[in-house]
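Read through the structure below, which is laid out as structure tokens, and then see the notes.
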Amino acid sequence: MSTDSMYRLLVTIAVILGSIIYGFFINSLARRITARVQNRMGPPLKQPFIDVIKLYSKRTFVTHGIMQTLGPILMLTGIISTLILIPYGKGYLTLYSSNGDLITILYIMTFGQLAMALAVGQAGNPYGTIGVARGLTRMFGYELPLILALISLIALNHSADVNVIIANQHGGIANWNAFRHPFVGITALLAMLGMMSYQPFDNASAPAEVASGPITEFGGKFMAIMMTTNAMFVVAKLALLVDLFFGGASNIFILALKIFLLYLYPLFVGLVFPRFAMEDTFLFFWKWPTLIGFIGLAIAIF
Amino acid sequence: MIDIKGILGPLSALKFLGKAPHTIDYPKETKKTADRYRGIHYNDVEACIGCGSCGTICENDAIDMVNVGFDPNKADTGFRPVVDYGRCCWCALCVDVCPSGSLSLTKDYVYVDDDPKKFLYVPGLQELGKVNIDSTDDLKELAKIEKENRPKLKEGERSWYQKDRTEGLLEFNRVPMKELPGSTRIKSFAEVVLGYTEEEAFMESIRCLGCGLCISACPDRMHIPDYIQAITERDYNSSANIIYENNPLPEMCGKVCTRQCETACVYHNRGDAVAIRWLKRFTTEQFDDFRTIINAEVKPLNGKKVGIIGAGPAGLTVGYYLRLRGYDVTIYEALSKAGGMTMAGIPKYRFPLDSLDKQISYMEEMGVRIHYNTRVGKDIMFDEIMDTYDAVFIGIGFHDPYDLGLKGEKEAKSGVISAVELLRRVNFGEKVDVGKKVAVIGGGNVAIDGARVSKRLGNVDVTILYRRRVQDMPADWEEIEGAEDEGVHIVPQAIPEEIMLDKNGKVTGIKYVMAEMVDDGKGGRPRPKKIEGSEKILPIDTLVGAIGQQADYSFLPDEYLFKTQDDEKSGSKKGIDTFWGRILVHGYNETTMKKVFSGGDMVNRTADAISAIADGLNAVKGIDLFLQGGKETKVNHSVTESDLDKNKLLDKHYKMKHENGKLVSVKLDLSGNIVTESVKIAKDPDELKKDVEKKEVNKSTDKANSKDKTMSYPTKNTNGETKKEEKKSKSKKKSKKKKKKK
Amino acid sequence: MGFSKLTETKVLLKQYFKDIISIEEGGEQRLIIDLQSKDITSMINHLKDFMDFKHLSMISCVDWPEENKFEIVYILTSYSKNIVLMLKTKIDRKNPKLQSIMSLWPQAVTYEIELNEMFGVFFEGNDRMGEEFILEDWDDIPPMRRDFDSLEYANKNFKFRDERKDKKIIREFISEHYDEWRKK
Amino acid sequence: MKTTKLYLGPQHPGITGNMMIELDVEGNKILKSKTHVGYLHRGFEKLMERRTYIQSFPIVCRICVPEPDVNENNYARAVEKLSGLEVPERAKWIRTMVLEMARLQSYLLWMGGQSGSMGLYTMPQWTIGDRDYLLDRFEELTGGRVYHLYVWPGGVRKDLPIGFKTRMLDLMDYLESRMKDYTKLMFENAIFKKRAIGTGVIPKDKALEWGVVGPVLRGTGIKHDVRIDEPYEIYDKLEFEVPTYEGGDIYSRALVRKFEFMQSISIIRQIMDKIPEGPIYNRIPNPFKWKIPKGYTYVKLESSRGEFGYFMASDGSEKLRRVNVRGPAYVHGISLLEKILPGSRLGDVSTILNSLGVCPPEMER
Amino acid sequence: MDDLKRPTLDSDFTCDMAFNKITKWAQKNSLWLLAYGTGCGAIELSPTMTSRYDWSRLGIRGSATPRQADLLLITGYLSTKTLKRVIRSYEQMQDPKYVIGFGSCTINGGMYYDSYNTIKQLDLYIPVDVYINGCMPRPEAVLSGLAYLKDKIGDKKADGWIKYKQNFEWYRENQKKILKSFNGDNMPDKYNW
């Protein structure tokens, strides 16, 4: 293994661990912010770490079959593969993003969710199946505007490579994609709400309706893996969106700051809005965001 | 189409980001609990009287009454509540129903534990959770903890308690009894107390909590809560039947009883007790004839005959119950009306003439023969009675007044009369001329009655001379109040010296000297000491002496009467032993003479009607046992040392002690050391041993239905006053109430 | 002037139903009617359709073991006349049977199921009789009947803490121990 | 589509309290629903037949947990009607105030539940947090936070504490200002409206026949309120309006409750101004053996969820012969649900339950 | 599914020694509570979890399913019908799990001691770690109860779940005594994972 690929491997591992820790850190900040809005004190900052350690220290290991055990692990692999494909800055931080472009990232991102669907199918909990069905319908909902936004972006930059897109955005804020092509930016932001599974669209794991949805059957260690993958997933998506629409980041700290600021947006929307009914999520995404998406595409093509 | 207001409006909720949250960071800062928060119990174990009302009202059966080691007395059962926090719902009904107001809830509520055994808790004696109680039985040593290390109530901690008598579920004020106003009372002998209407009786009887403490105070053990409950249900028949179970003269007790039960009532220490006497009276007023009401089954005559001397309360009770048990009873009464001391000694405004007629006619109709105006010893000889009857009961009471022992008493021809004599004459309708000014010497009920009666014989100026202070007077405070209302002057601390006579022996005045109270140093009653040179003379027309009575034993032939205190032969089986004028009786009121039983004022010291009835009831059991199989052994007729002690015959100036097998009575002076070696009662040691075994035998039979004959004064009531101080505080309370009324 | 609505309904009902056992006014807006059990349904039908008693508040049952009777009580409210009417009828306690009024009000089914489970009253025409409504696999007699003692059932089936098993009823204890206390 | 049977069991975060709804679901649409109750059954009516009148006073307020005062008041008035015990005037005013305070705290609890079931988790934190200030006033007045044990036959247990009036009026102003925030966040929330309008519709013509009462009935446009139809305590001396909204869906019911929340605040202000002086308690004859002559009575009042009635029969002994509690949830939770749920979406089950104000302990007592 | 090896009891402690301090600290500070208000005490849970008392600052959070919960609150009385569901949920919870008994109904029957449908002592049927006194315990009392449980977990005394496994037959026999149709409702006899 050449020293170059060795260095790259070490940096990847560092980034993965960094994303876990940073994911939990964002999660705890989010909990504090929701607490403050809800006029209460909220948990201590290190609470997510305590939760994960406690879940790992659970004694029992209940599983209904091999698929249920594999589900979270497959999800972990899915998320790690998306992580390494996203560039986080210059040099080694671009990890392996050179050999995969936007479409591969999109494909691999959905891989974790499908694995989850199979695992829940094995678990046999009715709420799980309903939760997964809702998750998939929601994915259909937000995939359309997302793809429209990404296609128009590719059309504008004439290449699907993320690094190229970042390169095109260098210079001041003015020429960040979100501002240069407002329609594309808006559709992406609206689609992002669906991806984040926060309030307006958290029908998949709505406690009141389907008792925490797909992860109803997963306790103890599985739940721990779920939480870590969730944290990494948040970081991955935000990093991707920052790269595509907000000009990437030269060094890691600016990227972290941008991720946090972008994270605030779905958080605040989630805090003040109840959740849509199942059909409405569908209709919501396929009405305004899609329309704006088509306009953006039209501008991009002609 | 897009609802802008609906989208942007909620975002205003984000303004809370800047504000500080209103969360209470519990372990560090806590919210002040309200003053009334119902938290953990606290019980002031000194004020608590263990009546069990809290345990009875608790709907979750969370409170048990447990023997924690306090020694019970008449006004306190010695039990304390233990609260089971595995049942309690903190509704504070127990606090609202606590008559003594000792139970309360505190503001402290946090208690967490992992051992369910620690949720049992005696409030006021234990810290919650410190003690692991395995069974409520082993809490007896709790009372031994001194006051200091019992859990104390922190200042201001009591959250839910009865601030005053108006809070809570109990009605502390008695339904007021209608009385004739003072001015009209004097004009006639009409009855002063007018009695309850049906509605008033219902309101008064429903106050009773039914806890039963009054039963323990009544010498005759009447079933008080049961008949009060019958009055509440307006079922007067069964109420009368319950009374008749152990009291054949309800009207007498309803009007003139000394009400020991009301002093023991739970309401007594914080308010007015339930008017038990007036309720009993109310039941009797409902019927004009007991024959149809009382359905006691009368056994057919079994051939045995019992003679009764004296138709006082004791005699009548024995007559009634023996007749029920099938004995042929005849009563010899010296006076013209039955009722004994109550009929002769008590003036008509308190005890009207006809009040016993109903009971007497019921008894006579049942077959009890009463020979009036036949004095034993004059119209019929005692020996004749002893032969004709299988058993004899002596119940002649104390009719013979003490003489005053003043200078000039013997020489006085007219103008000096004893209160008993005066009352008997007035009661039986004689016209007695007492002149314009009357002085009464003495402080008991009889003195007061004498004064009020003489007040009614025309407008007479009456003064009472009493050696000690007003509050030391043994009379009922109601009586003293009544006398003062009617204008009787009371001169306390006046010791009479000499009766001034004119030449033909008529009383003209009384010389008395003032006294000041001197504490006798041993906590006993302070003694009056003359103040030299403070003589005063009170011009009077008649002098009434009321310093106590004694029995008149003239009917007994001498060979039967033994005064144990001063001659040797007493203790033999032939005669009746008496001790300083009182007949010595054994467990079933049997005297030392075979076939002879006795009871009433001649035996017990409490000298009131209910104790006489109690003696009668006890004697009935004795006679029944005695005549059943004819075996004398069941009733052994010999008096042992413990009987004397039990009979409380001995004043604290005398003490019985064993001296080489002989019972010796020793006279003590005030400070308790022996003054004169008094008479030895002849009793050889082996006979004493036999007595003791016999006592064991009898004890077993006694246990079933024995009743303690003599009634000791209730030493201390709950707030630590002796009878006298209690009277004083009561009179103060009454006067306070009167002031309020004006 | 005119009668108050109350007396008006009273008079109307009297004419309509000859054999009413008793009808009286309990309070200013209350009517209490006693009926034989056979014409309960016709009375209720009449009340609902013609007398505008639209709202069925409750069906309840009172157990009179001494008269060996169950007393079924229907409480109807008429919003327009503002009257609450209490319709009472007595049925035999051994095999309590009554006609169901399921067809008039949907919620009557729930009341009837509960009465069936709690008292054992059988409503003909109600197909969901015997259905388990509140109690799960109950083996004893219907619990709300007066001859079922719940404390005895609790003692039989459940176990209480035994620290308090030797507790004494204070009032009986007082009466047993009079003599000891009198001495002191 | 294959129909699956779904048990929204007793342990389900969406179901308010302990009951189980058995649904036949086809995809997201409900075909048939059946309610199973009995998880909170303690046999109140049996227990109250074993307790004397004053002893069943503490157990009565445990029947319906979100609203104990309604039971206390009903029980007290029923016993007073049976026994003929009068209540002093001031006690009546205090009782009305306690009832209105209970309505306020129950509506705050409802707002939390309704928005929580829809996912708006900020609202429950606010409303139940503010409800706690009201519980402080209850604790100060009655000595208990939730179970107040304050209204008993004959009047109320203790008088108003010193300075209670000022603290109460401050609280009313605070709640009124908070209502503006709630309206912005919930009542005028776009997504709340989208979800609430048109779901769980009760047809107006069938409402009365299905036994619908209280705010749910007023939500369908029919104006009935026990406080006007049959004024109890001192409601005839107070001025307040009773709102009705057309539509019969969750949103109209929400508006009815919002309007009544404001009315309750104004009622409490009126009471605080015009409360007369005088005794507060007319003592019952005897706590242990108070016998009440034979009689029947049906007493009802307007709780925050509708007509709450007590049927009581006494037989002359010191214990009740029969008590039957008729809460609004008895009808709303069982027969009404079986009528409304079929046809609505699976996601809306807990929203509809909350809007009907279903409180399971009342159903099986 | 049972052939998968279950951690036997004795192994619970040995392999746990290695990083025991950290797990105890984590288990102490993060208690996930099963959202199941079994009795009338649940009304006092809502103020405790919302803004006025907010137990999330002590690391306590509700969880919708027994799988993720490790704390079960029995808030007051328990009717027999609910007891069956409580047993099922309790056994489905992951070890280590704790139970808190609220109020007087769990200790000796409370107000409903003479009711035919409620259980009188909770620790006959499921092991109870902490009892909180009160009817119903205030939010402050609930928080102090939870603090007490945290200390107990901290020094490894909260072993209710081990006690349940060790004398499982005793518990199961008690449960069967009052739950008549045990197998009728396909309640497994063995430990129902």
Side-chain angles (χ1 to χ4, degrees), chain B residues 13 16-17 19-34 37-41 58-64 82-93 105-121 123 127-130 132-133 135-136 159, chain E residues 40 47-58 76-77 98-115 120-124 127-153 157-160 163:
Chain B
F16 266 89
L17 265 174
K19 294 204 185 75
H22 68 145
T23 313
I24 298 170
D25 192 356
Y26 171 62
K28 295 186 214 26
E29 43 175 273
T30 69
K31 185 169 69 174
K32 192 176 82 58
T33 44
Y37 187 71
R38 292 191 291 272
I40 293 173
H41 285 79
C58 180
E59 77 279 359
N60 315 325
D61 187 7
I63 295 181
D64 295 342
V82 58
V83 185
D84 173 5
Y85 277 152
R87 282 282 176 75
C88 175
C89 73
W90 283 276
C91 61
L93 276 183
L105 299 181
T106 58
K107 280 197 231 171
D108 154 36
Y109 54 85
V110 175
Y111 172 60
V112 180
D113 205 302
D114 47 10
D115 170 8
K117 275 195 179 342
K118 287 214 171 71
F119 282 79
L120 214 55
Y121 155 65
E127 206 66 49
L128 178 61
K130 290 290 178 298
N132 183 338
I133 300 179
S135 138
T136 49
S159 63
Chain E
C40 56
T48 327
M49 65 176 86
T50 51
S51 59
R52 193 79 194 281
Y53 292 93
D54 188 17
W55 60 16
S56 69
R57 57 190 162 77
L58 305 171
Y77 68 92
Y98 319 104
V99 175
I100 294 188
F102 265 45
S104 27
C105 293
T106 49
I107 300 168
N108 192 9
M111 292 189 74
Y112 314 111
Y113 72 103
D114 54 356
S115 155
K120 309 307 172 209
Q121 278 182 57
L122 186 57
D123 52 12
L124 292 179
V128 183
D129 292 308
V130 175
Y131 288 98
I132 301 180
N133 178 15
C135 177
M136 265 297 105
R138 292 174 59 117
E140 286 99 332
V142 172
L143 291 175
S144 45
L146 291 166
Y148 185 88
L149 177 70
K150 282 170 171 237
D151 305 344
K152 230 180 138 178
I153 298 170
K157 285 222 294 302
D159 55 3
K163 209 167 71 180

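Quick note: numbers below take in every heavy atom, side chains included, and nothing from hydrogens, waters or symmetry partners. Letters go in sequence order (proteins before strands), and every chain restarts at 1.
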Cut-off 4.5 Å, heavy atoms of chain E, and the answer for B:D113 is both
Turns out that what part of E:R57 lies under 4.5 Å from chain B's heavy atoms comes down to side chain
For E:S104 and B:C88 the tightest heavy-atom approach is OG-O, 2.9 Å
Bottom line for B:K118: the part with an atom under 4.5 Å from chain E's heavy atoms is neither
When the 4.5 angstrom heavy-atom criterion is applied to E:K157 and chain B, the contacting part is neither
Bottom line for E:D129: the part with an atom under 4.5 Å from chain B's heavy atoms is backbone
The interface call for B:T23 against chain E, heavy-atom contacts under 4.5 Å, is both
Heavy-atom nearest pair, E:A141 first then B:V112, reads O-CG2, 4.4 Å
With a 4.5 Å cut-off on side-chain heavy atoms, are E:V142 and B:Y26 touching? no
Taking C-beta and beyond as the side chain, do E:E140 and B:T33 meet within less than 4.5 Å on heavy atoms?
no
For this session: Evaluate the criterion side chain to side chain contact (heavy atoms under 4.5 Å, CB included) for residue pair B:Y85 and E:I107; output intermediate values, then yes/no.
Result: CA-CA 8 Å; B:Y85 277 152; E:I107 300 168; 5.7 Å; no
Honestly, the part of B:P21 sitting under 4.5 Å from a heavy atom of chain E is neither
Shortest non-hydrogen pair, B:V110 vs E:S144, comes out as CG1-OG, 3.4 Å
So, the part of B:F16 with a heavy atom under 4.5 Å from chain E: the answer is neither
Item checked: Any B:D61 side-chain heavy atom under 4.5 Å of E:Y113 side chain -> yes
Applying a strict 4.5 Å limit to non-hydrogen atoms, the region of E:Y53 in contact with chain B is both
Rounded to the nearest 0.5 Å, the CG atom of E:D114 sits from the CG atom of B:N60 at a distance of 8.5 Å
Applying a strict 4.5 Å limit to non-hydrogen atoms, the region of E:D123 in contact with chain B is side chain
